[in-house]
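Model, not experiment: these values are computed from the prediction.
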Amino acid sequence: MAASSSQCEYLASPGIPNFILSILIVLGILVSYLPQLYRIATLKSSFGISPYFVLLGTTSGTFALANMVSQRQSLQDVACCKDVSGLACFAGLLGVLQVATQLLSFFAILTLFVIFFPRELSTPPPLSPTQQEGPTHRTALVVAAICIAHAAIMLIVTLAVGFKQPSSLQAWSNFCGVTAAILASIQYFPQIYTTLMLHCVGSLSIPMMCIQTPGAFVWAGSLAARLGSKGWSTWGILIVTACLQGTLLVLSVFFEYLGPNKGHSHDYNKDTAPSHSGESNDVQDEDRPYEETPLLQDSR
């Protein structure tokens, strides 16, 4: 696609404030996910994180990246790179870099989620039918396989449309953007439900949500200034996501600091793990026979 001269002139002299803001957004996205990655790795558990939240978040991010790279504006910026300086080209591609950073960060969460999925919860006691409904380790593996396959399919389809039907790229971009918005709008519902059922935060990172919730509104404003009203399918995702993540943040803060399980948000072995007999370990130890236990005990 040929780039317009006015667009290339705009890229040749990028506004310093917008350039700095775009850089800060990239760094902010990366830093915002670090508390979540650190929390899962430190606890060595992804307890409390819904696999369906991870699935919807990763696939939504993949659709969002496909939407961004197939935007007419993004393609024009790429075409201008041969006529402008390297710094100006980099500034023009910062929007794509922002979405790509978010997707890679979510894939990092997906990796740790599968590695540290609590195996104890994969074999709930047979006498607890409600607990048997929880996700198993196989569920986590299936989620990971779907996310990887989906990313590969999206890459192939986007390249095929770009090379075979370039006139349909904008329509494909809008489809990806709308689909990403739909997935983003429902991605937090499984996690909100899981948090409500557990009455605790689990391995969710409150600092991550504190950074991302207001940051998403700033990011949406930056993309709206870059893409204009035609890019509504790109920055609109962020507004929907920020509102739902804010809801999850309020719930998490309540259960972590005000709820009945406050202070035990990640201690699932003691507070939230199911008991296999319905009795405490102390009672079991008390009734368990030892070598010194008499064969005939006083029945009085």
Side-chain angles (χ1 to χ4, degrees), residues 29-30 32-70 96 99-124 131-162 172-173 175-195 197-198 202-205 208 212 237 240-241 244-245 248 266 268 273:
I29 293 171
L30 184 61
S32 70
Y33 280 99
L34 293 181
Q36 182 63 78
L37 297 173
Y38 176 79
R39 183 170 175 85
I40 297 176
T42 302
L43 297 178
K44 298 187 185 315
S45 171
S46 56
F47 170 74
I49 299 179
S50 170
Y52 309 108
F53 164 72
V54 177
L55 172 64
L56 293 171
T58 306
T59 52
S60 173
T62 305
F63 272 115
L65 181 60
N67 163 262
M68 191 67 185
V69 298
S70 55
V96 176
V99 181
T101 301
Q102 184 186 44
L103 177 60
L104 291 176
S105 299
F106 231 106
F107 262 105
I109 291 178
L110 171 65
T111 302
L112 293 182
F113 170 79
V114 174
I115 293 175
F116 294 112
F117 190 88
R119 304 297 181 91
E120 294 84 358
L121 299 182
S122 300
T123 55
Q131 290 164 354
Q132 289 179 349
E133 297 174 358
T136 64
H137 187 252
R138 178 177 295 181
T139 305
L141 293 176
V142 171
V143 165
I146 292 175
C147 291
I148 295 173
H150 176 259
I153 292 173
M154 291 298 296
L155 174 62
I156 293 172
V157 172
T158 301
L159 290 176
V161 173
W172 169 249
S173 175
F175 167 77
C176 291
V178 170
T179 306
I182 294 174
L183 294 178
S185 65
I186 64 176
Q187 107 183 48
Y188 283 94
F189 287 110
Q191 186 58 58
I192 291 173
Y193 174 80
T194 299
T195 303
M197 291 299 99
L198 293 177
S203 300
L204 278 178
S205 171
M208 177 194 71
Q212 288 185 353
I237 304 170
V240 173
T241 302
L244 291 172
Q245 191 175 48
L248 180 60
H266 61 275
Y268 69 92

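- Taking each heavy atom of Thr59 and Leu55 in turn, the nearest pair found is OG1-O, 2.8 Å.
- Considering CD1 of Ile192 and CZ of Phe53, their distance stands at 9.5 Å, rounded to 0.5 Å.
- Residues Thr158 and Ala66 share a closest heavy-atom pair of OG1-CB, 3.8 Å.
- The CD atom of Gln187 sits 10.5 Å away from the CZ atom of Phe189 when rounded to the nearest 0.5 Å.
- In terms of heavy-atom proximity, Gly48 sits nearest to Gln191 at O-NE2, 2.9 Å.
- Considering all non-hydrogen atoms of both residues, Ser173 and Asn67 come closest at O-ND2, 2.6 Å.
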Inset, instruction - Kindly indicate, with the supporting measurements, whether the criterion side-chain contact (heavy atoms from CB on, under 4.5 Å) is fulfilled by Tyr188 and Thr241. - result: CA-CA 8 Å; Tyr188 283 94; Thr241 302; 3.5 Å; yes
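- With rounding to the nearest 0.5 angstrom, the CD1 atom of Ile186 is 13.0 Å from the OH atom of Tyr52.
- Side-chain contact between Phe47 and Leu198 is present, with at least one heavy-atom pair separated by less than 4.5 Å.
- Every side-chain contact (heavy atoms from CB on, under 4.5 Å) that Phe175 has, sequence neighbours left out, goes to Phe63, Trp172, Thr179.
- For the side chain to side chain contact (heavy atoms under 4.5 Å, CB included) criterion with Leu204, the lone passing option out of Ile40, Thr194, Leu248 is Leu248.
- Closest of all the heavy-atom pairs between Pro190 and Leu56 is CG-CD1, 4.0 Å.
- The line from OG of Ser46 to CZ of Phe117 is 6.0 Å long, rounded to the nearest 0.5 Å.
- Taking Gln212 as the reference, Ser32, Tyr33, Met208, Gln245 meet the side-chain contact (heavy atoms from CB on, under 4.5 Å) condition, with sequence neighbours excluded.
- Contacts of Leu141 classified as side-chain contact (heavy atoms from CB on, under 4.5 Å), with partners at least two apart in sequence or in another chain: Val114, His137.
- What you find for Met68 and Val99 is that their closest heavy atoms are CG-CG2, 4.0 Å.
- With hydrogens and angles disregarded, a donor-acceptor distance shorter than 3.5 Å links the side chain of Arg39 to the backbone of Gly202.
- Considering Leu112, Thr42, Thr111 as possible partners of Leu37, the one that fulfils the side chain to side chain contact (heavy atoms under 4.5 Å, CB included) test is Leu112.
- Residue Ser203 holds its OG atom at 12.5 Å from NZ of Lys44, rounded to the nearest 0.5 Å.
- A 4.5 Å side-chain heavy-atom check between Tyr193 and Ser50 finds every atom pair outside the cut-off.
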For residues 146-153, which side-chain N or O atoms pair as donor and acceptor with protein atoms under 3.5 Å away, sequence neighbours left out?
none

Please tabulate, one pair per line, all N/O donor-acceptor pairs under 3.5 Å involving side-chain atoms of residues 103-110, not counting sequence neighbours.
residue: Ser105; atom: OG; partner: Thr101; partner atom: O; Å: 2.8

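- Taking the side-chain contact (heavy atoms from CB on, under 4.5 Å) definition, one finds that Ile182 meets it with Val178, sequence neighbours left out.
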